[in-house]
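Proteins come first, then strands; the chains are lettered A, B, ... in the order of their sequence lines, and each starts at number 1.
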Amino acid sequence: MPEARRNSTVPDARSAAPDEPAAPDGPGSPEVGSGLLCELDEDGERRGRPVPADDLVAAIAERELAGHVRWVWQAAVGLYPALARAGARVARCHDVALAEALLRARDGADPAADDASAQQPRLRPAGQPTLFEPDLFEPTQPGPRREPSQMLDALIEAHADQLRRIAADPDPVRFALLVAAESAGALASAEMSLTGLPWRSDVHDALLTEQLGPRPAGAAARPPKLAELARQISAAFGAGGDGGPGRHRARAATPVNPDSPAQLLKAFAADGIRLSSTRLAVLRDVDHPAVAPLLEYKELARLHSAFGWSWLDAWVSGGRFRPEYVVGGVVSGRWASRGGGALQIPRLLRRAVVAEPGWVLVVADAAQLEPRVLAALAGDRAFATAAAAGDLYAELAGAFGGDRAKAKVALLSAMYGGAGGEAGQLLAVLRRRFPAAAGYVEAAARAGEEGRVVRSVLGRTCPPPTAAWRALTADAVGPATRARGRFTRNFVVQASAADWALVMLVSLRARLWQIKSQNGPSELVFFQHDEVVVHCPAEAAGAVSAALTVAAEEATRLVFGPTQVAFPLHVAVVGCYADAK
DNA sequence: GGTCGGGGCGCG
DNA sequence: AAAGCGCGCCCCGACC
């Protein structure tokens with residue numbers, strides 16, 4: 001084993017496969033138990049015989065301490081939460097399932113084919129266990145259990161095959177980085193779920209009471225404030241002063257459920273107001289006495305239903321909010337979440353996110369990330385020069401008559417495919433002054449309209465168009481064609497921004513481990529697309545801030561290589577999340 | 001009784 | 001000011 005660690009920057013020992021898979025989650029999860037390990041070379045070849053480990057947690061911890069190890073396993077999500085609960089921490093891994101998703105997207109496999117029984121012949125000879133059969137590591141599935149050694153063989157073969165396919169990428173270094181970062185992201189997400197975001201239930205409860213009135217006894221009952229607003233809304237319909245057909249009918253007695261768009265549309269129509277929808281943007285311009293209480297109702301009802309007392313009961317325990325993150329859950333590479341709406345927490349509720357006594361929150365968000373990513377991607381000299389400075393939009397304002405707001409609209413329209421209002425005109429300016437930047441997103445849009453796929457800077461591939469889309473767009477350009485163009489146009493930017501943020505996150509994670517503090521280790525507690533929150537002892541705040549800066553610089557260098565585009569972070573050290581920015 | 005699509009809105 | 005992109009989750013109402 002000693003010679004295996006001679007190069008500390010390259011993964012050298014690759015080990016695999018528990019034979020006693022732990023239950024993936026939940027309280028009362030059994031011990032991780034024993035496992036089977038096999039050391040591998042950098043190219044995935046076996047370096048020795050598989051060795052059993054009676055205590056997998058201990059064996060992993062021991063090898064982790066001994067030096068640089070990259071663990072190879074079928075999926076971190078199936079094993080690492082239990083490992084982490086048992087106290088083990090792993091720096092690096094190769095997540096075969098996440099890697100396979102990236103590779104299949106690249107190679108144009110129809111994702112729907114996974115569901116069919118159609119085999120992927122190139123993956124393995126017939127008769128061998130297929131690593132991606134759903135039951136391989138699922139002891140709950142009926143049928144004979146596979147032998148651990150068979151599972152290990154399948155894993156090692158699949159891993160070696162993946163390394164070959166990664167190496168065959170047009171940009172193998174970047175694609176390997178993507179696989180490594182995606183895998184490390186799975187580790188970080190499991191740790192974040194375990195740690196949880198500090199959450200003050202008392203502050204949350206007080207906020208709800210202030211906004212909604214006292215908590216109602218029944219879960220189904222409306223809080224006092226909502227009940228009163230609902231009454232006002234019902235009363236406002238049919239009670240209008242000036243007449244009109246049917247106006248004299250006593251309709252005020254008919255309750256209108258403000259949660260029902262259909263009932264609202266009907267009630268407005270009865271008062272002579274025909275609406276396309278009951279959306280906020282539409283209602284704002286409507287002159288009717290029901291509108292004011294309705295807008296207030298919508299805002300408060302959302303708070304109550306999505307983040308009210310029952311949310312508090314369900315998701316906060318022991319002073320922490322523990323959401324489940326889904327790595328690979330968004331096509332662009334951003335994380336999704338399952339349960340608790342972790343990535344849609346209303347800004348109002350950030351009041352409840354408070355550091356523990358003696359600790360602080362270090363909140364960092366990447367400023368103007370997406371336009372900066374476009375600048376780095378496109379290699380547009382003039383655009384990149386502007387992106388070297390602090391406020392990108394301000395730097396671009398000169399091209400738009402000195403109007404920063406126009407520069408922003410032009411950029412957002414270019415990245416999102418908007419063309420309404422004066423956007424078209426501003427886009428023309430953008431195209432003239434920054435042809436490479438405009439050309440980059442327009443080429444992506446064209447690819448989408450023609451049914452091709454596009455890739456992020458690290459090589460994440462967007463899903464191919466569906467058969468339904470192909471049928472729909474075979475003959476003529478229509479709304480579906482343009483929608484697909486907007487999707488791929490946005491994908492190259494959003495997914496590349498997600499690449500950068502993910503690399504930044506995992507780089508930060510590694511650096512936080514190096515910070516020693518008497519009062520405990522710094523905790524990564526939240527990650528939302530382009531924003532990260534670290535909970536740390538107050539005396540570690542300086543070191544954490546420095547680690548953030550270095551992580552951002554490393555992400556920029558690894559993802560984009562040499563570029564003059566800057567990716568500044570806004571960093572705030574606060575006691576309460578609401579006080580950041 | 002359940003499921004599912006749409007409308008709507010929170011976040012980036 | 002809103003719009004163009006990506007999500008999750010709530011409620012309603014149609015449907016089985």
Side-chain angles (χ1 to χ4, degrees), chain A residues 220 222 226 230 256-266 275-285 294-295 297-308 310-311 314-315 323-350 365-371 373-374 405-406 408-424 426-427 441 444-445 448 454 456 460 462-463 479 482-498 500-501 526-532 577 581:
Chain A
R222 280 195 178 113
L226 284 180
V256 176
N257 181 358
D259 291 324
S260 166
Q263 289 186 29
L264 285 172
L265 288 180
K266 207 188 276 183
L275 299 177
S276 55
S277 83
T278 59
R279 252 184 247 113
L280 218 66
V282 172
L283 286 176
R284 233 197 303 266
D285 300 327
L294 180 55
L295 293 181
Y297 178 93
K298 277 172 172 281
E299 189 181 343
L300 294 178
R302 159 96 191 153
L303 178 68
H304 176 244
S305 70
F307 291 93
S310 37
W311 182 91
W315 293 103
E324 188 181 349
Y325 299 95
V326 186
V327 176
V330 180
V331 289
S332 65
R334 302 204 310 193
W335 291 4
S337 66
R338 185 159 44 220
L343 302 182
Q344 296 92 229
I345 299 169
R347 299 179 75 94
L348 177 74
L349 283 185
R350 294 182 182 184
D365 75 288
Q368 304 165 334
L369 178 58
E370 293 195 350
V373 162
L374 174 56
K406 286 186 177 174
K408 184 173 179 177
V409 169
L411 253 296
L412 294 184
S413 302
M415 293 186 298
Y416 294 155
E422 61 176 345
L426 297 174
L427 275 174
V441 283
V454 293
S456 73
R460 190 185 302 271
C462 79
R482 287 184 288 272
R484 175 83 191 167
R486 286 195 301 274
F487 168 66
T488 49
R489 171 194 291 268
N490 182 251
F491 182 94
V492 293
V493 178
Q494 187 184 114
S496 299
W500 183 92
F526 196 52
F527 175 53
Q528 187 177 33
H529 313 318
D530 61 358
E531 182 176 8
V532 57
Y577 191 15
K581 75 181 175 185

- [ ] Select from A/V409 and A/N490 the residue whose nearest nucleotide in DNA chain C is closer to the 5' end of that strand.
- [x]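 Closest to the 5' end, via its nearest nucleotide, is A/V409.
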
Open item on the list: Both A/A281 and A/S332 contact DNA chain C. Taking the nearest nucleotide for each, which residue is further toward the 5' end?
Closed with: A/A281

So, is [X] near the phosphate of [N], with a side-chain N or O under 4.0 Å from OP1 or OP2?
X      : N      : answer
A/N257 : C/dC12 : yes
A/S277 : B/dG8  : yes
A/Q494 : C/dC7  : no
A/S260 : C/dG13 : yes
A/S337 : C/dC7  : no

Using a heavy-atom cut-off of 4.0 Å across all strands, would you classify [X] as base, sugar-phosphate, or nothing?
X      : result
A/L412 : base
A/R489 : nothing
A/E299 : nothing
A/R284 : sugar-phosphate

TODO: Select one nucleotide: of B/dG8, C/dG6, C/dG13, the one nearest the side-chain heavy atoms of A/A262.
DONE: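 Taking heavy atoms from C-beta onward, the closest nucleotide is C/dG13.
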
TODO: From the options B/dG7, C/dC7, B/dG12, select the nucleotide whose nearest atom is closest to the side chain of A/R347.
DONE: B/dG12

Using whole Å, report how far [atom1] of [X] lies from [atom2] of [N].
X      : N      : atom1 : atom2 : result
A/R484 : C/dC5  : CZ    : C1'   : 13 Å
A/K298 : B/dG7  : NZ    : P     : 13 Å
A/R486 : C/dC7  : CZ    : P     : 14 Å
A/L426 : C/dA1  : CG    : P     : 17 Å
A/F526 : B/dC11 : CZ    : P     : 11 Å
A/Y416 : C/dC5  : OH    : C1'   : 6 Å
A/R279 : C/dC12 : CZ    : C1'   : 16 Å
A/R302 : C/dC9  : CZ    : C1'   : 7 Å

Judged by atom type as modelled, is there a donor-acceptor pair below 3.5 Å linking the side chain of [X] to the main-chain atoms of [Y]?
X      : Y      : result
A/W335 : A/Q528 : no
A/T488 : A/G485 : yes
A/Q263 : A/N257 : yes
A/R486 : A/G418 : no

Task: In C/dG4, glycosidic geometry as syn within 90° of 0 or anti otherwise - done: syn

Task: N/O donor-acceptor pair, side chain A/R334 with base C/dG6, under 3.5 angstrom - done: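 Result: at least one qualifying N/O pair found.
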
Task: Angle by which the axis turns from one end of the helix from B/dG1-C/dC16 to B/dG12-C/dC5 to the other, five pairs per end, to 10 degrees - done: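 The value is 0°.
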
Open item on the list: Determine whether A/I345 and A/Y577 satisfy the following criterion, side chain to side chain contact (heavy atoms under 4.5 Å, CB included), listing intermediate values before the conclusion.
Closed with: CA-CA 12 Å; A/I345 299 169; A/Y577 191 15; 6.0 Å; no

